[in-house]
Amino acid sequence: MAKSILQSHSYRVKSKQEAKQLHAQMIRTRAPTSLVLSVYSNLGLLRESLLIFNSLTSPSYVAWKSIIRCYTSLGLFHQSLLSFARMRASAARPDRDVFPSIVKSCTHLMDWKLGQSLHGSIIRVGLEIDVYTGNALMNMYGKVCMGSVRKVFDEMPERDLVSWNTVIAGNAGNGMYREALEMVREMGGAGLKPDSFTLSSVLPIFAEYVDVSRGMEIHGYAIRHGFDSDLFIGSSLIDMYAKCTMVEKSRQIFDFLPQRDAISWNSMIAGCVQNGLFDEGLRLFRRMLENSIKPRHVTFSSIMPACAHLTTMHLGKQLHGYILRCGFDDNEFISSSLLDMYAKCGRIHIARRIFEKMESPDIVSWTAMIMGCALHGHAHDALFLFQQMKVNNVRPNYVAFVAVLTACSHAGLVDQARKLFDSMVGDYGISPGLEHYAAVADLLGRAGRLEEAYEFISSMPREQERTGSVWSTLLAACRVHKNAELAEKVAENIFKIDPENMGAYVLMSNVYSAAGRWKDAARLRIAMKGRGIRKKPACSWIEIKNKVHAFMAGDESHPKYYEIKEALGVLLERMEREGYVPNTDDVLHDVEEEQKRHLLCSHSERLAIAFGIISTPPGTTIRVTKNLRVCVDCHIATKFISKIVGREIIVRDVSRFHHFKDGKCSCGDYW
DNA sequence: TTAGGGTTAG
């Protein structure tokens with residue numbers, strides 16, 4: 001009697017309060033305790049469930065089942081498996097409604113051995129035909145062996161929507177995109193319609209393919225079926241559009257989501273950062289915190305590249321502190337992004353320390369570290385790391401070769417680079433891209449092997465990749481080696497592809513000036529003006545007491561301008577006494593020598609360095625960042641300055657770091 | 001019993 005009352009009640013119980021009331025009623029009617037237990041466990045009330053369970057001297061099958069399912073649903077997978085073992089020892093036989101939970105626990109704990117033996121038990125008791133059990137098994141195999149997923153799926157006598165979704169997710173998760181999409185089609189043939197689970201497996205595929213038109217088809221389907229306000233679909237859509245470079249669309253979806261969790265915030269933040277909207281990414285991150293959404297580990301690896309690209313150390317350091325407090329510092333993704341940030345912000349030693357603490361660095365960690373060395377001109381460290389990486393059975397990929405070739409190109413290791421280039425193609429079958437060609441071509445050119453460089457660039461198989469920037473490196477080399485003839489040939493190639501290439505105009509006009517062909521130089525400058533082409537303005541900045549001070553070339557707007565100018569005057573006098581001779585080669589303007597000297601002194605990096613010197617105590621390291629390459633004269637001058645004021649001056653230009661100390665620079669004057 | 005977001009790029 002009591003039992004039937006309870007059974008009719010139990011599925012309607014929705015709150016703890018109701019459950020308690022029912023419990024009281026059950027005690028009065030002397031209902032079986034295992035039923036009370038199932039009411040509590042279905043609500044995920046572990047404390048209440050355990051109180052009852054532990055009072056049982058010999059728990060029934062129903063009692064075991066309840067407690068196991070309660071553990072699994074709360075994510076307490078170890079306890080769930082432990083209870084299962086105890087249940088078996090007590091001779092209670094497992095049945096259909098306990099296996100799915102157990103298999104799920106196994107899956108989360110990645111205990112594949114136990115999972116397989118469970119599969120054996122399931123077959124022995126003939127439960128492999130059960131849909132729920134089969135689905136749980138497929139889900140487990142989806143994380144280890146797709147072959148087994150197919151096998152279970154093919155042998156299932158009955159399949160439901162979850163079965164299809166599980167196979168599709170398995171295929172998608174294992175990079176078998178074609179198969180996944182094929183199954184979505186087949187599923188329609190079996191009379192089942194894709195639901196929100198299906199879509200959230202499919203959307204990341206189109207994100208990966210950068211196929212926005214098919215992504216939009218899915219978006220349309222989601223709208224028609226009311227899935228577009230689904231939290232999961234929302235983040236997949238945000239991600240898909242962002243990966244297809246349509247961040248505005250991502251933002252629209254984000255702004256209109258009825259609710260947002262940490263993952264939707266993260267998708268949006270990552271979307272901004274991946275598309276170069278670093279400030280916006282950081283703004284959103286702050287807003288996320290203001291909204292009391294706790295960042296997850298993924299959030300940190302998404303936001304860190306923003307600090308790296310903006311070279312804002314103090315922010316990156318704050319985040320590092322946060323990461324340590326959260327205990328996320330052993331996460332590979334976070335470590336890689338952290339070491340990259342430190343390297344890009346000039347702290348190569350900290351980057352190295354983080355790298356060395358990593359248990360098993362993956363290809364990205366190695367590459368970030370190699371790139372960091374390249375950035376700081378530590379070419380031999382980079383080459384050594386590249387070897388070590390291979391010894392550790394990490395196979396170099398496209399990006400790794402970009403990094404190691406960059407290291408060579410920053411140190412003038414031309415033959416090393418050619419060997420690496422050949423090995424990339426011959427040993428690893430990687431087809432070289434623009435970046436690889438650019439690095440080698442740059443090296444050949446600067447080594448004076450101009451014709452070889454010309455042939456090398458001309459050998460690029462894909463014409464569309466022979467861009468202005470690849471040719472420009474050679475053009476710059478032609479200027480240095482004063483080969484006006486080849487330069488003209490190169491420039492012709494550039495203007496054919498990219499008639500607006502401002503850098504090429506400037507370089508070519510420099511080539512003509514250097515060769516004394518003033519008329520030609522003037523002709524080009526007029527052409528530039530006519531086309532409205534202007535040089536990218538130079539800008540340098542320095543962080544003093546967490547405040548960024550920016551200087552443009554010839555900038556007189558800084559409140560301390562007169563002190564800066566005075567300091568530069570004093571420095572110039574001392575530099576000249578030490579033997580400094582201004583190098584006016586880079587000064588394009590047709591002006592008097594005296595004015596050229598003045599122009600050099602007003603270069604943005606020099607203003608920033610002088611401001612750093614007068615704003616910090618003696619001995620403090622000066623760190624300046626510049627948006628273009630350091631000019632030849634400023635490089636010479638900074639070496640003198642470092643010696644005169646006895647300070648280390650670190651300048652990060654657009655491609656690398658220069659560490660100036662005692663009158664020398666870490667780049668060995670090769671940059 | 002099924003789902004979404006992450007690190008490296010002259």
Side-chain angles (χ1 to χ4, degrees), chain A residues 72 96-97 99-101 103-104 107 130-140 142 160-170 172-173 195-204 207 230-240 242-243 261-271 273-274 296-305 308 331-341 343-344 361-372 374-375 397-403 405-410 433-443 469-470 472-473 654-656:
Chain A
T72 303
R96 64 188 305 151
D97 37 23
F99 275 118
S101 296
V103 173
K104 182 180 177 175
T107 307
D130 176 57
V131 190
Y132 276 49
T133 308
N135 290 346
L137 278 172
M138 286 198 296
N139 184 44
M140 177 186 76
D160 64 1
L161 186 55
V162 176
S163 321
W164 284 90
N165 283 342
T166 308
V167 195
I168 291 166
D195 68 351
S196 65
F197 283 78
T198 328
L199 301 193
S200 62
S201 293
V202 167
L203 275 169
D230 180 289
L231 197 55
F232 283 70
I233 300 300
S235 22
S236 294
L237 282 171
I238 291 168
D239 178 59
M240 187 272 294
K243 295 239 162 74
D261 66 0
I263 297 184
S264 8
W265 277 94
N266 198 73
S267 305
M268 196 58 240
I269 292 169
V273 176
Q274 287 159 359
R296 295 158 53 99
H297 48 282
V298 178
T299 319
F300 292 104
S301 42
S302 307
I303 197 68
M304 198 59 75
N331 179 291
E332 298 258 309
F333 286 88
I334 293 178
S335 296
S336 297
S337 67
L338 255 180
L339 82 83
D340 177 62
M341 182 277 293
K344 289 211 171 85
D362 68 356
I363 182 67
V364 176
S365 335
W366 283 98
T367 306
M369 195 63 242
I370 292 169
M371 198 65 213
L375 214 55
N397 63 7
Y398 187 98
V399 188
F401 274 103
V402 171
L405 286 173
T406 302
C408 293
S409 86
H410 283 178
L434 175 66
E435 301 94 328
H436 308 106
Y437 275 102
V440 176
D442 183 46
L443 273 163
S469 69
V470 185
S472 294
T473 59
V654 69
S655 69
R656 66 180 297 163

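Atoms considered below: every heavy atom in the structure, side chains included; atoms not considered: hydrogens, waters and symmetry mates. On a predicted model such as this, the values are computed, not experimentally measured, just so you know. Here is how names work: the chains are called A, B, and so on, in the same order as the sequence lines, proteins then strands, and each is numbered from 1.
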Inset, instruction - Under the ring-ring contact (aromatic ring centres under 6.0 Å, His included) rule, collect the residues that match up with A:Tyr437, sequence neighbours excluded. - result: A:Phe421, A:Phe456
Inset, instruction - Under 4.0 Å between any heavy atoms, over every strand shown, what does A:Asn397 touch: base, sugar-phosphate, or nothing? Just pick one. - result: nothing
Legend entry - Partner set under ring-ring contact (aromatic ring centres under 6.0 Å, His included) for A:His410, not counting sequence neighbours: none
Inset, instruction - Check every strand shown and say whether A:Ser236 touches a base, only sugar-phosphate, or nothing at a heavy-atom separation below 4.0 Å. - result: sugar-phosphate
Legend entry - Sugar-phosphate, base or nothing in reach of A:Asp442, heavy atoms under 4.0 Å: nothing
Inset, instruction - Keeping the roles fixed (side chain from A:Ser235, backbone from A:Leu231), state whether a donor-acceptor pair exists under 3.5 Å. - result: yes
Inset, instruction - With sequence neighbours excluded, tell me which residues meet side chain to side chain donor-acceptor pair (under 3.5 Å) with A:Ser302. - result: A:Asn266
Inset, instruction - Name the nucleic acid region contacted by A:Asp230, choosing base, sugar-phosphate or nothing; use a 4.0 angstrom heavy-atom cut-off, strictly under. - result: base
Inset, instruction - With heavy atoms under 4.0 Å as the rule, sort A:Ile370 into base, sugar-phosphate or nothing. - result: nothing
Inset, instruction - Give A:Ile233 one of three labels, base, sugar-phosphate or nothing, depending on what nucleic acid heavy atoms sit under 4.0 Å from its own. - result: nothing
Inset, instruction - Please name all residues satisfying side chain to side chain donor-acceptor pair (under 3.5 Å) with A:Asp340, sequence neighbours left out, ordered by chain then number. - result: A:Lys344
Inset, instruction - Would you please say whether a donor-acceptor pair under 3.5 Å links the side chains of A:Asp239 and A:Ser236? - result: no
Legend entry - Residues that A:Asp130 engages under salt bridge (Lys or Arg N to Asp or Glu O under 4.0 Å), provided they are two or more places apart: A:Arg96
Inset, instruction - Please find the earliest and latest nucleotides of DNA chain B, in the 5' to 3' direction, that have an atom within less than 4.0 Å of any heavy atom of chain A. - result: B:dT1 to B:dG10
Inset, instruction - Check every strand shown and say whether A:His297 touches a base, only sugar-phosphate, or nothing at a heavy-atom separation below 4.0 Å. - result: base
Inset, instruction - Would you mind classifying the nucleic acid contact of A:Thr367 as base, sugar-phosphate or nothing, using non-hydrogen atoms under 4.0 angstrom? - result: base
Inset, instruction - For A:Arg296, answer base if it contacts any base atom (sugar-phosphate contacts may also be present), sugar-phosphate if it contacts only those atoms, and nothing otherwise; contact means non-hydrogen atoms under 4.0 Å. - result: base
Inset, instruction - Look at all strands and tell whether A:Asp130 reaches a base, only sugar-phosphate, or nothing, counting heavy atoms closer than 4.0 Å. - result: nothing
Inset, instruction - May I ask you to say what A:Ser335 touches in the nucleic acid, namely base, sugar-phosphate or nothing, with a heavy-atom cut-off under 4.0 Å? - result: nothing
Inset, instruction - Under 4.0 Å between any heavy atoms, over every strand shown, what does A:Val654 touch: base, sugar-phosphate, or nothing? Just pick one. - result: base
